[in-house]
Amino acid sequence: MTTSVKITEQPRFVAIETISNLPLLSIVWRILQAELKKTNEAKILNRKYLLNLTEAVLQQKALLKDAQKSKCDEQANNHIRNSMESLMAALAKIGIKVITPENEMYSDDYVELFESIAQIPDKELTEPMIKEVVQPAVMLNGSLLKMGKAIIAIPTQSPGPISDSNDNHQSYKLKK
């Protein structure tokens, strides 16, 4: 066979249940649907890879904090810190944002990003506050990739009961 007649492309995907009397538009539609499904699966897989990479970087960052506390080799700590900063900058360039809002008010925005895994009463507070972030929230291009977990400090003095005329119980509503 001569090279001018030889087909160099891989055969294209043919949709399942394709028969000879099926209209061409239906065949094209099925192929496009199959390619879309494949593309969506690839996007989901990429999101999982990015999340795994982000978690690995955050684990290394936590190890660096522990190493700095123990006063290990300062030169090695600086090298690791620089590596972590460059990895975090690279993740930020592709749209990854790691959210760790410690000692900030637990507002409506954070309710959607952080699961409250524990609550600590605090007499000095008037509104709930994020006391400690156990697991940071991770966002990719503005959409939530992984929900974070936090310990919330709550005020012991509540703003007061709100009575409901239809019910015989009282509930407490936090200020926004």
Note to self: Rounded at 0.5 Å granularity, tell me how far CD1 in Ile130 sits from CD in Glu132.
What the structure shows: 11.5 Å
Note to self: Please say yes or no: joined through hydrophobic side-chain contacts below 4.5 Å, possibly via intermediate residues, are Leu58 and Ile94 part of one cluster?
What the structure shows: yes
Notebook entry, point to check: Is there side-chain contact between Phe114 and Ile152, with heavy atoms separated by less than 4.5 Å?
Noted result: no
Check: Say you draw a straight line from CG of Leu53 to CG of Asn46; how long is it, rounded to the nearest 0.5 Å?
Finding: 12.0 Å
Check: Roughly how far, to the nearest 0.5 Å, is the CE atom of Met139 from the CD1 atom of Ile96?
Finding: 10.5 Å
Margin query: Quick check: closest heavy atoms across Pro155 and Pro128, and the distance to 0.1 Å?
Written below: CD-N, 3.8 Å
Would you be so kind as to tabulate the donor-acceptor pairs closer than 3.5 Å made by side chains of residues 140-149, with sequence neighbours excluded?
{"residue": "Ser143", "atom": "OG", "partner": "Leu140", "partner atom": "O", "Å": "3.0"}
{"residue": "Lys146", "atom": "NZ", "partner": "Glu55", "partner atom": "OE2", "Å": "2.3"}

Margin query: Would you compute the distance between atom CG of Leu87 and atom CE of Met84 and round it to the nearest 0.5 angstrom?
Written below: 5.0 Å
Margin query: Return the CD1 to CG distance between Ile120 and Asp122, rounded to the nearest 0.5 Å.
Written below: 8.5 Å
Note to self: Taking the side chain as everything from C-beta on, heavy atoms only, tell me whether Arg47 gets closer than 4.5 Å to Leu51.
What the structure shows: no
Item checked: Within 6.0 angstrom of Glu41 CD, more than 12 heavy atoms from elsewhere -> yes
Checklist line | Distance (rounded to the nearest 0.5 Å) between Leu125 CG and Lys131 NZ | finding: 7.5 Å
Check: Just by distance, do the side chain of Tyr106 and the backbone of Ile154 share a donor-acceptor pair under 3.5 Å?
Finding: no
Next item on the list: List in chain and number order the residues that pass side-chain contact (heavy atoms from CB on, under 4.5 Å) with Thr100, two or more places apart in sequence or in another chain; answer none if no residue qualifies.
Entry: Val98, Val133, Pro136
Notebook entry, point to check: Does Ile151 belong to the same Ile/Leu/Val/Met/Phe/Trp/Tyr cluster as Met129, with side-chain heavy atoms less than 4.5 Å apart forming each link?
Noted result: no
